[in-house]
Amino acid sequence: MSTQHSKAAECYQRRPEVVERHDNTFFGVRQKRDRMAQALPEWEDLREAASQIKKHTITHLADYLEQFEQNATRNGVHVHWAIDAKEYNQIVFDILQAHGVKKVVKSKSMLTEECHLNKSLEKQGIEVVETDLGERILQMMHLAPSHIVMPALHVHREDIGETFRRLIPDFDDIAKGYSAIGGSPADPNDPTFLTYVARMHLRRQFMEAGAGMTGANFGIAETGDVVVCTNEGNADMSTSIPKLHIVSMGIEKLIPDYRAMGVFQRLLARNGTGQETTVYTSHFRGPRPGGEMHIVLVDNGRSSILSNQEHWQTLKCMRCGACMNTCPVYRRSAGYSYTYFIPGPIGINLGMLRNAMQYSDNVSACSLCCSCDNVCPVKVDLSTQVYRWRQQLDSLGKADPMKKVMSKGMSLLFNHPMLYSGVLRLSPVVNWLPGPVVACSLNPWAYGHQMMKFPDKSFHQLWKERLL
């Protein structure tokens with residue numbers, strides 16, 4: 001079995017102060033989520049309603065897709081269908097080329113990450129500017145997101161400041177403007193100052209862009225609306241200045257109507273960031289006056305997931321990130337240790353559905369603590385799915401040979417009571433072995449753990465003594 005994730009996580013663990021900060025940061029978000037949940041007596045009812053709505057929509061997806069297309073078209077929107085990433089990228093390029101667009105401003109969208117849209121457009125001479133602050137920082141640093149909701153939370157402000165000073169051409173002029181309005185940070189990496197720099201820098205990008213792109217948190221089949229939730233208003237800026245608006249939407253983002261929207265709106269921010277709601281919840285029903293609006297509905301393997309009886313529930317996910325915030329493995333190994341572009345419990349399952357041979361290493365990044373199941377707002381059975389993938393590793397030729405040997409050894413031991421009892425009696429001998437002998441490469445448990453002390457008497461012995 002590939003050990004890419006475990007090796008990357010091991011390297012990350014060599015910086016304990018970074019690990020501790022990452023762990024505390026994301027568990028802090030999990031705690032905010034818990035406080036929000038405890039404040040709503042109907043919390044579990046909302047989760048069950050969301051789960052049932054998603055289940056119903058996904059199992060009637062063809063009907064809702066047709067309804068959504070009809071209503072969006074009636075609203076004056078151009079609707080396109082893309083079977084895979086290649087066709088999606090081509091559709092977007094054709095729209096931009098037809099309008100002579102050379103620069104696009106784009107709000108955060110994991111679907112565009114999935115389809116590598118930025119690289120595709122840049123190869124064809126179109127500049128793409130991410131407008132979500134975290135995404136823009138990562139774009140300038142040539143890094144991928146490490147979290148689906150808070151993509152740059154792992155980046156330190158000193159690195160952000162250095163990147164801005166190096167790559168924003170008019171940084172000095174912006175700094176002078178900041179001083180002119182009374183700002184004089186003692187720290188050159190002051191977050192308020194850097195936010196001002198980013199705002200001024202992005203304002204120019206909005207003004208120069210020929211098109212704006214957004215993702216879609218939800219598509220309302222009954223009305224043909226697209227709903228986008230942000231905390232920075234960047235989606236609104238991307239669509240209110242350029243007259244061309246392109247929406248990228250995975251087909252699983254559909255929900256039936258606004259009654260369903262009310263359920264998800266109460267869950268999304270509470271689970272993702274611990275807020276009651278996002279600062280902006282923007283509804284796009286049609287093009288702005290004198291403009292055009294295009295929606296590209298993307299399959300890219302989703303229909304195959306729907307036909308998978310063991311893993312179809314993955315399509316219920318609404319990308320809130322709650323499973324990552326609670327996952328002890330993600331929190332202490334960080335997003336870049338995963339080989340699929342979406343990390344954490346949901347990323348493990350999505351990666352395996354995308355290419356089980358390529359992303360099989362990620363299934364080891366799970367303790368099966370089931371915390372992700374308990375926080376998921378739409379009740380995706382994430383840990384169960386990971387367990388199922390692990391059962392398939394041997395048939396894929398990706399099972400760890402050492403684990404197979406251990407399993408055979410345990411089977412031999414447990415099926416021979418005399419042998420089992422004898423080993424138990426001898427186990428305290430391990431307590432007297434020198435530390436380097438126990439904490440060797442043949443004993444992975446010793447890495448990062450203090451070895452247990454074997455008791456003088458086994459549970460079986462104590463049980464017999466008590467009975468007598």
Side-chain angles (χ1 to χ4, degrees), residues 1-11 13 308-311 314 323 327-330 332-333 337-340 343-373 381-433 435-455 457-463:
M1 178 181 171
S2 172
T3 57
Q4 288 171 291
H5 176 272
S6 59
K7 290 296 182 184
E10 183 179 357
C11 291
Q13 290 285 320
N308 189 316
Q309 294 186 1
E310 290 190 335
H311 299 284
T314 305
C323 61
C327 176
V329 179
Y330 170 82
R332 301 196 69 83
S333 64
S337 63
Y338 296 79
T339 51
Y340 192 58
I346 186 63
I348 295 172
N349 290 296
L350 289 172
M352 291 297 285
L353 286 163
R354 174 68 55 193
N355 188 327
M357 295 295 289
Q358 183 176 351
Y359 300 113
S360 61
D361 61 295
N362 295 317
V363 299
S364 65
C366 177
S367 66
L368 294 179
C369 68
C370 301
S371 183
C372 51
D373 295 4
D381 55 342
L382 292 160
S383 62
T384 300
Q385 291 190 45
V386 172
Y387 178 78
R388 290 174 185 150
W389 287 121
R390 287 184 178 178
Q391 308 315 301
Q392 298 178 33
L393 288 178
D394 196 24
S395 63
L396 293 170
K398 293 290 185 177
D400 188 333
M402 179 59 73
K403 289 182 179 179
K404 292 178 69 174
V405 171
M406 290 171 61
S407 295
K408 290 180 179 178
M410 291 171 69
S411 177
L412 175 67
L413 195 64
F414 293 149
N415 283 306
H416 295 82
M418 295 294 291
L419 179 61
Y420 178 78
S421 300
V423 170
L424 279 180
R425 292 190 183 93
L426 292 173
S427 59
V429 174
V430 176
N431 298 335
W432 302 97
L433 295 176
V437 174
V438 177
C440 65
S441 59
L442 294 176
N443 181 19
W445 178 257
Y447 178 78
H449 300 84
Q450 183 176 354
M451 280 302 296
M452 63 171 287
K453 294 292 184 182
F454 287 90
K457 294 183 178 180
S458 69
F459 175 80
H460 286 178
Q461 289 174 284
L462 293 172
W463 182 259

Kindly compute the distance separating CG (Leu393) from CG (Asp361), expressed to the nearest 0.5 Å. 10.0 Å
For the residue pair Val386 and Pro345, establish whether any side-chain heavy-atom pair is separated by less than 4.5 Å. no
Is there side-chain contact between Arg390 and Leu368, with heavy atoms separated by less than 4.5 Å? yes
If I take atom CD from residue Gln391 and atom CG from residue Leu396, how far apart are they, to the nearest 0.5 angstrom? 12.0 Å
I need the minimum non-hydrogen distance between Tyr330 and Gly344, along with the two atoms involved. CD1-N, 4.2 Å
With sequence neighbours left out, which residue pairs that include part of residues 419-430 fulfil the side-chain hydrogen bond (donor to acceptor under 3.5 Å, both in side chains) condition? none
So, do Arg388 and Asp381 sit near enough that their side-chain heavy atoms are less than 4.5 Å apart? yes
Return yes if some donor-acceptor pair links the side-chain N/O of Asn362 with the main-chain N/O of His5 below 3.5 Å, else return no. no
Mind checking what makes salt bridge (charged side-chain N to carboxylate O under 4.0 Å, His left out) contact with Lys404, not counting sequence neighbours? Asp394
With a 3.5 Å distance limit and no angle check, can you tell me whether Gln13 reaches the backbone of Arg332 through a side-chain donor-acceptor pair? yes
Distance, nearest 0.5 Å, that separates CE of Met352 from CD of Gln358: 11.0 Å
Taking atom OH of Tyr340 and atom CD1 of Ile346, what is their separation to the nearest 0.5 Å? 9.5 Å
Residues Ser367 and Pro328: closest non-hydrogen pair is OG-CG, 4.0 Å
Using a 4.5 Å cut-off on heavy atoms from C-beta on, say whether the side chain of Ser383 contacts that of Cys372. yes
Applying side-chain contact (heavy atoms from CB on, under 4.5 Å) to Met418 and not counting sequence neighbours gives none
Distance (rounded to the nearest 0.5 Å) between Cys327 SG and Leu382 CG: 10.0 Å
Contact between Tyr338 and Ser333 at the side-chain level, heavy atoms closer than 4.5 Å - yes or no? yes
Spacing of His460 atom NE2 and Leu424 atom CG [to the nearest 0.5 Å]: 7.0 Å
Any Leu353 side-chain heavy atom under 4.5 Å of Trp389 side chain: yes
